[in-house]
Amino acid sequence: MESSGEAVSTLVDHVDPVVDAARAEPFESPERYAEVIEEIRSAAATYYGGSDLAMDDATYDALMARVTATEAAFPEWKAADSPTEVVAAGAAVVGDVVHSSPMLSLDNVFDEDGLRKWAARLDKLLGRPAGGYTVEPKIDGLAIAARYVDGVLTQVATRGDGRAGEDVTGQARRAAGLPERLGEPLTLEVRGEVFMTDDDFAKAQVMRTGTGEPPFAHPRSAAAGTLRAQDRTYDAPLSFLAYSVHGLDLGEPVAHSAAMAHMETLGVTTTTASPVGAVCATVDEIVAAVEVINTKRGSLGYGVDGAVIKADQPADRDAAGSSSRAPRWGVAYKFPADTRTTKLLRIDVQVGRTGVITPVAVLEAVQVGGVTVTSATLHNFGDLVRRNVWPGDTVFVRRAGDVIPEITGAKLDERPADAVAFEPPTHCPRCGGEIDRSQKRWRCTQGRACGARESLAYYAARDSMDIEGLGDKIIDLVVAAGLVTDPADLYDLDVEALVKLDRMGETSAGKLVANIAASTSQPLSRVLTGLGVRMTGRSMSRRLARHFGTMDALTTAGVEDLQQVEGVGPERAVTIHAELVDLAPVITKLRERGVNMAEPGVKEWTPGATEAAEENGTTDGGAPVLPLRKADGKPMTVVVTGSVPGLTRNEGNEAVELLGGKSSGSVSARTDLVVVGDGAGSKADKAESLGVRIMPADRFAELLAAHRAGDAATVAEILAVP
Ligand code: IVH
């Protein structure tokens with residue numbers, strides 16, 4: 001494993017994620033320079049326009065650094081409208097709200113050396129040491145200017161091109177931290193960043209995909225989409241942190257930190273007063289404060305892509321002044337994306353529910369940004385070829401602001417002699433059909449119908465929704481007839497449509513429709529199993545259902561909330577979360593068709609319930625009294641061996657969990673109870689030899705029936721038998 005510094009110094013086929021403008025290489029020709037300026041302009045337009053990312057931040061910064069270096073080396077090539085001269089290069093959405101003063105940008109530094117140089121330059125400009133600094137988180141959101149008249153919020157505009165922006169007053173009013181009324185009737189302008197917290201982002205994804213729209217790429221695009229959604233009603237929550245105020249009259253000029261502290265008293269949240277904001281007297285203190293932000297950025301619950309360092313005193317700011325693009329009294333310290341190296345074991349090809357075909361890297365486990373990573377996205381096949389990544393290579397894995405790790409390139413000098421280039425698939429690996437390669441993202445030409453047979457069979461299976469009569473043959477027929485492409489379509493089938501199929505009589509069609517209808521009352525755990533959420537099986541589905549209680553609670557839970565469930569680590573949580581977002585349209589359809597979305601006997605989880613439950617010693621968010629719980633409230637470990645009357649093996653395990661226990665497959669000294677039925681073998685003997693409590697299977701069936709009937713006396717009686 002290597003640190004990011006070492007990693008990028010070797011021969012690589014990618015853009016270095018960490019860039020220092022002073023060390024960046026000029027472009028070799030005026031043509032290449034002009035080309036890159038165009039690329040930057042179009043990426044910036046996408047970025048400021050709020051759409052999905054066209055270029056990641058590190059690549060953007062690397063190109064900007066090279067443009068700056070080129071202009072220093074060949075001033076005669078410099079374009080009059082160079083992105084180094086204008087704020088928001090290529091910003092597309094300008095609008096007609098003219099700013100009271102230009103909304104400037106910030107220059108960047110990328111390491112301690114760059115930071116110290118900036119501070120020395122500021123001291124030199126002032127002719128004396130600066131009188132203190134603020135260090136603030138750099139929020140990864142969208143800049144806005146908010147005007148208050150007599151304490152009332154009257155107009156909010158985006159930055160636009162820095163001179164004028166778009167009116168977003170309506171949507172911005174909903175941002176937490178930007179109050180409708182200030183605590184005093186003041187007339188002033190607050191500037192700051194509108195963003196979406198990680199948890200709100202999760203909610204926004206569910207809402208958006210529920211309406212059939214594609215998911216947002218990133219919390220910033222979600223914030224931008226929500227802020228500018230004039231014709232749509234998005235309830236997705238927004239947040240705001242102010243980083244400057246104009247026109248606040250406190251009698252005499254006050255320090256930036258004092259002005260921001262005053263804004264907090266008026267009800268506006270600020271970056272300076274955030275948990276990681278600091279006021280520093282020396283550069284050493286700044287370095288330490290930046291490090292604190294870098295260390296804590298992963299746990300703030302919102303995207304922070306750097307620190308902003310500003311002279312705190314108004315006199316220092318006035319003396320230092322600004323260029324047309326950025327102030328000289330402030331600088332952004334951009335954090336590098338965490339990059340590590342590991343071995344690319346193989347490249348799998350995945351076919352998504354909509355038929356999108358993507359290469360997925362399977363990696364030797366590596367820690368990146370505090371998380372163990374075993375797989376990473378390779379975006380698309382073109383990208384894979386461009387990055388020149390082969391199985392067996394040592395590759396760079398990066399986790400930037402967001403959670404999904406990506407491969408940025410390979411160490412070509414370490415490529416094994418026997419390595420073989422990856423061959424993209426010629427046909428859909430799932431159905432063998434044609435691939436549509438007209439877009440960057442390849443698709444199976446069957447679209448949603450590809451894989452429909454598989455997912456329907458899984459949905460109907462005995463351990464899932466248990467729909468009798470819906471076997472492979474019928475599934476083939478309804479799919480081929482175009483009647484069904486996802487599980488929710490099953491509920492639209494009627495006798496009239498079914499009898500038209502080969503060898504389907506009216507009686508069997510009627511039975512099938514009734515069986516499908518009956519499955520609407522299956523518990524949430526089975527609905528989840530049936531949906532085939534990646535990285536979950538039957539028992540994980542049960543755990544999720546028992547923890548969250550309802551589909552609503554589960555789909556609004558954030559990645560961190562999911563990790564409260566036993567056996568769900570960061571990687572699995574990210575996958576489950578992404579899967580649920582992906583499944584949102586089908587879930588909505590199922591709900592509309594009356595499919596039950598709750599787990600019987602389990603109280604719905606709400607954010608914060610886990611913490612409360614932990615304090616109370618229960619972990620089910622307040623579930624009712626359960627027979628298979630120990631005195632300390634923890635689940636008993638129960639092994640079911642042999643058959644339980646009326647139940648399959650899976651149903652036996654389900655019953656254990658319904659009764660509050662944890663089902664296990666093997667008997668040990670830690671087992672609390674073994675349920676022994678007909679056909680039990682060595683497990684029963686082992687339980688006996690270990691002195692583990694044994695319950696006959698018929699008693700267990702009675703216990704289950706009594707619990708379901710709410711017959712507490714019988715439950716107590718059965719449990720009382722040693
Ligand atoms: S101060 C004149 N402080 O970063 C300087 N900006 O890359 C005004 N940003 O345009 C900016 N957090 O949109 C400042 N604590 C912070 C910030 C911050 C995020 C954004 C802002 C700015 C951009 C510059």
Side-chain angles (χ1 to χ4, degrees), residues 21 40 43-44 47-48 50 57-58 60-61 64-65 83-84 86-89 91 99-110 118 122 133-146 156-163 165 168 172 175 177 189-196 219-220 223-224 227 239-246 256-257 259-260 263-264 268-280 286 289-290 293-294 297 300 302-312 314 316-318 320-335 401:
I40 289 178
Y47 180 99
Y48 289 107
D57 279 2
Y60 184 90
D61 290 339
M64 272 298 264
T84 58
V86 287
V87 186
H99 296 306
S100 53
S101 63
M103 288 187 77
L104 300 182
S105 192
L106 287 168
D107 285 331
N108 294 327
V109 294
F110 299 92
W118 169 80
L122 178 61
Y133 313 84
T134 60
V135 177
E136 309 165 11
K138 185 171 187 307
I139 313 297
D140 192 10
L142 290 104
I144 55 130
V156 184
T158 61
R159 171 165 54 181
D161 66 354
R163 191 192 54 81
V168 288
E189 182 175 313
V190 180
R191 291 181 179 181
E193 211 77 355
V194 167
F195 61 99
M196 208 174 261
R220 176 156 30 70
L227 193 59
S239 299
F240 176 75
L241 282 171
Y243 54 63
S244 73
V245 55
H246 302 250
H256 168 62
S257 53
M260 301 309 275
M263 292 314 296
E264 289 271 342
V268 177
T269 48
T270 67
T271 50
T272 23
S274 74
V276 288
V279 178
C280 300
I286 298 179
V290 169
I293 297 181
N294 194 11
R297 70 168 154 147
L300 291 174
Y302 49 85
V304 165
D305 57 351
V308 179
I309 301 101
K310 301 171 185 170
D312 198 18
D316 290 352
R317 291 183 173 209
D318 290 345
S322 302
S323 76
S324 62
R325 201 189 84 90
R328 283 184 275 269
W329 45 257
V331 78
Y333 185 119
K334 290 281 226 84
F335 295 140

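Counting starts at 1 for both ligands and their atoms, in listed order. Residue numbers run from 1 in the order of the sequence given.
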*Asks:* The test is side-chain contact (heavy atoms from CB on, under 4.5 Å); show your working for Met260 and Glu136 and say whether it passes.
*Replies:* CA-CA 12 Å; Met260 301 309 275; Glu136 309 165 11; 5.7 Å; no
*Asks:* Nearest 0.5 Å, please: how far is CG in Leu106 from CH2 in Trp329?
*Replies:*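 So the CH2 of Trp329 and the CG of Leu106 are separated by 7.0 Å.
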*Asks:* May I ask you to identify the nearest protein heavy atom to atom 5 (C) of ligand 1, giving residue, atom name and distance to one decimal place in Å?
*Replies:*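 In this structure, atom 5 (C) of ligand 1 has Leu106 CD2, 3.7 Å as its nearest protein heavy atom.
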*Asks:* Answer with side chain, backbone, both or neither: which part of Ala332 has a heavy atom less than 4.0 angstrom from an atom of ligand 1?
*Replies:*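 Near ligand 1, Ala332 shows nothing, with every heavy atom at 4.0 Å or more.
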*Asks:* Please round to the nearest 0.5 Å and tell me the distance separating atom CZ of Arg220 and atom CD of Glu193.
*Replies:*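 Here the rounded value is 9.0 Å.
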*Asks:* Under the criterion side-chain contact (heavy atoms from CB on, under 4.5 Å), I'd like the reasoning laid out for Ile293 against Val304: C-alpha separation, chi angles, the key distance, then a yes or no.
*Replies:* CA-CA 8 Å; Ile293 297 181; Val304 165; 3.9 Å; yes
*Asks:* Apply the test side-chain contact (heavy atoms from CB on, under 4.5 Å) to residues Ile139 and Tyr243: give CA-CA distance (whole Å), side-chain angles for both, the deciding distance (0.1 Å), then the verdict.
*Replies:* CA-CA 10 Å; Ile139 313 297; Tyr243 54 63; over 6 Å; no
*Asks:* Within the structure, does Ala143 bring an N/O atom to less than 3.5 angstrom of an N/O atom in ligand 1?
*Replies:*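 Min N/O separation from ligand 1 is not below 3.5 Å for Ala143.
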*Asks:* To which protein heavy atom is atom 3 (N) of ligand 1 closest, and what is the distance rounded to 0.1 Å?
*Replies:*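 Sorting protein heavy atoms by distance from atom 3 (N) of ligand 1 puts Lys310 NZ, 3.0 Å first.
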*Asks:* Among all protein heavy atoms in this structure, tell me which lies nearest to atom 15 (N) of ligand 1, with the distance rounded to 0.1 Å.
*Replies:*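 Checking every protein heavy atom, the shortest distance to atom 15 (N) of ligand 1 gives Glu136 OE1, 2.9 Å.
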*Asks:* Once you restrict to heavy atoms under 4.0 Å, what part of Ser322 touches ligand 1? Side chain, backbone, both or neither.
*Replies:*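 Answer for Ser322: neither.
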*Asks:* Just to confirm my output: which protein heavy-atom neighbour is closest to atom 10 (O) of ligand 1, and how far is it?
*Replies:*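 Nearest neighbour among protein heavy atoms for atom 10 (O) of ligand 1, to 0.1 Å: Arg159 NH1, 2.8 Å.
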*Asks:* If you count the atoms of ligand 1 from 1 in the order shown, which ones are under 4.0 Å from a heavy atom of Thr271?
*Replies:*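 Near Thr271, the atoms of ligand 1 are 15 (N).
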*Asks:* In terms of residue, atom name and distance, what is the protein heavy atom nearest to atom 11 (C) of ligand 1?
*Replies:*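 Nearest neighbour among protein heavy atoms for atom 11 (C) of ligand 1, to 0.1 Å: Tyr243 CE1, 3.6 Å.
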*Asks:* side-chain contact (heavy atoms from CB on, under 4.5 Å) for Trp118 and Ile309? Distances and angles first, verdict last.
*Replies:* CA-CA 10 Å; Trp118 169 80; Ile309 301 101; 3.7 Å; yes
*Asks:* Quick test: of every protein heavy atom, which one is nearest to atom 23 (C) of ligand 1, and how far off is it to 0.1 Å?
*Replies:*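 Here the nearest protein heavy atom works out to Lys138 NZ, 4.0 Å.
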*Asks:* Working to the nearest 0.5 Å, report the span between CG of Leu122 and CZ of Arg317.
*Replies:*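 Result: 10.5 Å between the selected atoms.
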*Asks:* Would you compute the distance between atom CZ of Phe240 and atom CG of Leu227 and round it to the nearest 0.5 angstrom?
*Replies:*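 Taking CZ in Phe240 and CG in Leu227, the distance rounds to 11.0 Å.
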*Asks:* Atom 13 (O) of ligand 1: which protein heavy atom is closest, and how many Å away?
*Replies:*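 Looking at atom 13 (O) of ligand 1, the protein heavy atom closest to it is Glu193 OE1, 2.8 Å.
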*Asks:* With heavy atoms of Leu104 as the reference, note each atom of ligand 1 found under 4.0 Å away.
*Replies:*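 The atoms of ligand 1 under 4.0 Å from a heavy atom of Leu104 are 2 (C), 10 (O).
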*Asks:* Under 3.5 Å, N or O to N or O, is Ile139 touching ligand 1 that way?
*Replies:*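 Between Ile139 and ligand 1, an N or O pair is found under 3.5 Å apart.
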*Asks:* Are Arg325 and Asp107 within salt-bridge range, i.e. N to O under 4.0 Å?
*Replies:*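 Looking at Asp107 together with Arg325, the answer is yes, because their closest N to O distance falls below 4.0 Å.
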